[in-house]
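Just so you know, these numbers use all the heavy atoms, side chains as well, and skip hydrogens, waters and symmetry mates.
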Protein chains: 2
Amino acid sequence: MTSQTADGGRAPSMQDVARLAGVSLGTVSHALNKPEKVSARSLQKVLAAVEQLGFVPNSAARSLAAGSSSTVGLVLTDIDNSLFVDIARGAEDEARTSGHALLLANSDVDFKRQESYLDIFDEARVAGILFTPLNASLEGVDRVRRHGRRIVLVNYAGGRQDCCAVLSDEEYGGYMAARHLLELGRRRLLFAGGPEEFHAVKERRNGALRAVMEAGNATLEIISSRRLKSDEGRKIAAEVTGRPADRVPDGILSPSDRIAAGVIHELMARGLRVPEDVAVIGYDNNHFATEVAISMSTVAQDGHKMGAEAINLLLDEIRNPRHEHRILTLKPRLIPRESTLGPSGRPVPEEDGRLPLEA
Amino acid sequence: MTSQTADGGRAPSMQDVARLAGVSLGTVSHALNKPEKVSARSLQKVLAAVEQLGFVPNSAARSLAAGSSSTVGLVLTDIDNSLFVDIARGAEDEARTSGHALLLANSDVDFKRQESYLDIFDEARVAGILFTPLNASLEGVDRVRRHGRRIVLVNYAGGRQDCCAVLSDEEYGGYMAARHLLELGRRRLLFAGGPEEFHAVKERRNGALRAVMEAGNATLEIISSRRLKSDEGRKIAAEVTGRPADRVPDGILSPSDRIAAGVIHELMARGLRVPEDVAVIGYDNNHFATEVAISMSTVAQDGHKMGAEAINLLLDEIRNPRHEHRILTLKPRLIPRESTLGPSGRPVPEEDGRLPLEA
DNA sequence: GAATCCAGATGAAGCGCTTCAATTTAGCAA
DNA sequence: TTGCTAAATTGAAGCGCTTCATCTGGATTC
């Protein structure tokens, strides 16, 4: 246990370990990487020397010599949105079971940062990259792929078919949300907020539209907004409640939980009852969705699974020489809670404090 | 602009660039790293060759040869707590201005993961590590420091003086929170929730106690809880509201915003008015603190600044041979909002949707 | 015109590891 | 004992880069 301080400055190398253990360099490497290829005696000598010197393998040297690394890079859009947190966790859990470490980079919704992190992982010759791209040019994807880097897109793929991707069926999510409101008897629906340029927003809106069309006797009004934050929801709610009673929507769906939260609070502040007067449903199942005044109904994308599946696709691409690119589209799930069901939708907290994700 | 596909499999190396540019290996390296040391003609030839080959430097080889890397690793406790998100952003912003990339690792409140990520950064010979440790053994810190790795502790230091750290004055934060309630005329205070083993919880409680002592004519009741989640807040609120009126607290402070959110919602559900009957204040200024029914008063630690300062300490340790370890303790700030001030505390959203952090 | 200088360019050494061909050792049957 | 195979070990080559001592040639000086 007596690791010694960096004596002489230089950290101990495998060569030092070999010397101390009285074996060759190659044997040390074998002992450390494929112990079964080495006699018990050598193994033990090596391990003892490693311990005594406090040897730490140099992963730069390793990946240079081996020509590859075992870490996987994940470039995230926005660490502040719990969907991405879930994706990161799912990826991390899955990567870990196969002995890969997951390093994160947060582009913070900034295109230049996003590209720069892609390059960093590219330069580091990581085993592969998981990438949740902004709704923008996917040139970075081409760039790193040209260098032979493996990459899996998550959450958005801009229609690309030439690499693996894990997506969420946004249209269906919007459909479910609207359908849910319709089934509760709501007829004057409002799709509240979101910039139409966002692929996800547009798809969700399309889905909602489809549900309303199918129903026949209902309407869908659309009010868009520049961003997806809660104050946009407040503004929209303020606007619609100022109308004559027969033009106030009785069901509001929003492409983000944040907007929905704003809507709910503003409605309540203006004396409307949720869901009796207006039912509200959000999207994303953000972790705060149960911290609002009344727990929010929402559409959940299983971020954890998205991350895990993305890792699986990546691993197949790494290990399977006959790998073929696949696009996985996961179905989101409806999670009705109080904001559409009323008190009966009150979730029962589980022992670990997380909420059951089943509808 | 014609980068070619990985011809023959191998990615182009500096050697290839040198050959194509008609200069030596060393010149390519110089051209890329210290362009001012190279003639304009060579520089241009090199750049052209780089472009043509689609050359990407191999950072493993670089850091092996140079003996150091320029990336900084940040091992985070919990990516799901917005304090850590802020820390990551602050660190990232600051690191970027000095040309360092910031890679994140999320230990997800798991000691083994935390240690494993420390080792990964250690093995990668990163320029330095920023570390928000769990409230547990700091052996990992010793381990990596023995290997000569630089490390700065953030948010918790377990009393260590032998490395740089950026902390928040938890005791003072608790003091401010309690003081705020007292100044609003509240006298029967409740400190709601939190496991006493957490250093931060204990300190905040101590601060609250000090404020109450100073005031003289007030009391502080303490109810602890196993975790820091909102349902604990609901339970506690349910319990205290069942009491005879003169034993119901008129001011509640909690060591986490999540608990405070639970408290607020349960109080409201039981017909109590916040803040008229009970004023509530949380801690952390989590990003959802303004998404709850009424915006929450809270104590904010400036995570962004913590991250930025941690990077600065690290950079000094890297660059300054006469570096001395320093512990920076930042003062948290009180952010009164509706849950203590009533409607007048309603925040005015700024243009970018974030709330002003000034009290 | 010789001596001096210096920006630039060069080439080789070496960073710490993996890997592979070559070699040694052990294991065992005849 | 011999011969043969399998297992274990060795040593060297080389991954792609930085760096440093060395060299080159043109400009500057007297």
>> Would you say CZ of B:Arg326 has more than 12 non-hydrogen atoms from neighbouring residues, nucleotides or ligands within 6.0 angstrom?
In response: no

Between A:His304 and A:Asp86, is there a side-chain donor-acceptor contact under 3.5 Å, judged purely by atom types and distance? no

Here the distance between atom P of C:dC15 and atom CG of A:Asp16, to the nearest Å, is 11 Å

With a 4.0 Å cut-off on N to O distance, would you call A:Arg145 and A:Asp162 a salt bridge?
yes

Could you list all N or O pairs between the protein and nucleotides 7-14 of chain D that sit under 3.5 Å apart?
from: D:dT9; atom 1: OP1; to: A:Ser39; atom 2: OG; distance (Å): 2.8
from: D:dT9; atom 1: OP1; to: A:Ser42; atom 2: OG; distance (Å): 2.3
from: D:dT9; atom 1: OP2; to: A:Ser39; atom 2: N; distance (Å): 3.0
from: D:dT9; atom 1: OP2; to: A:Ser42; atom 2: OG; distance (Å): 3.4
from: D:dT10; atom 1: OP2; to: A:Ser24; atom 2: N; distance (Å): 2.8
from: D:dT10; atom 1: OP2; to: A:Ser24; atom 2: OG; distance (Å): 3.1
from: D:dT10; atom 1: OP2; to: A:Thr27; atom 2: OG1; distance (Å): 2.7

Separation of C:dA7 atom P from B:Lys34 atom NZ, nearest Å, is 15 Å

By nearest-heavy-atom nucleotide on DNA chain C, the more 5' of B:Ala66 and A:Ser63 is B:Ala66

In whole angstroms, the gap separating P of C:dT18 from CZ of A:Arg125 amounts to 18 Å

If only side-chain N and O atoms count, and only distance matters, is there a donor-acceptor pair under 3.5 Å linking B:Thr77 with B:Thr132? yes

Taking D:dT19, C:dT19, C:dG16 as options, the one with an atom nearest any side-chain atom of A:Ser29 is C:dT19

Would you call B:Arg62 and A:Glu123 a salt bridge, taking side-chain N to carboxylate O under 4.0 Å as the test?
no

- Short N-O contact, A:Arg160 and A:Asp142, less than 4.0 angstrom: yes

Taken to the nearest whole Å, CE/B:Met14 to C1'/C:dA12 is 16 Å

Here the distance between atom C1' of C:dC17 and atom CG of B:Asn58, to the nearest Å, is 13 Å

From CG of B:Leu64 across to P of C:dG16 the rounded distance in Å is 7 Å

ask   = Is the shortest distance from a Lys or Arg side-chain nitrogen in B:Asp93 or B:Arg96 to a carboxylate oxygen in the other one below 4.0 Å?
value = no

Hits for side chain to side chain donor-acceptor pair (under 3.5 Å) against A:Ser137, two or more places apart or cross-chain, chain-then-number order -> A:Glu139

Taken to the nearest whole Å, CG/A:Leu32 to P/C:dG16 is 16 Å

ask   = Any side-chain N or O of A:Asn33 less than 4.0 Å from the OP1 or OP2 oxygen of C:dT18?
value = yes

* Between B:Asp316 and B:His323, a side-chain donor and acceptor under 3.5 Å -> yes

As a check of understanding: the bend across the helix from C:dG1-D:dC30 to C:dA30-D:dT1, end axes from five pairs, rounded to 10 degrees, works out to 40°

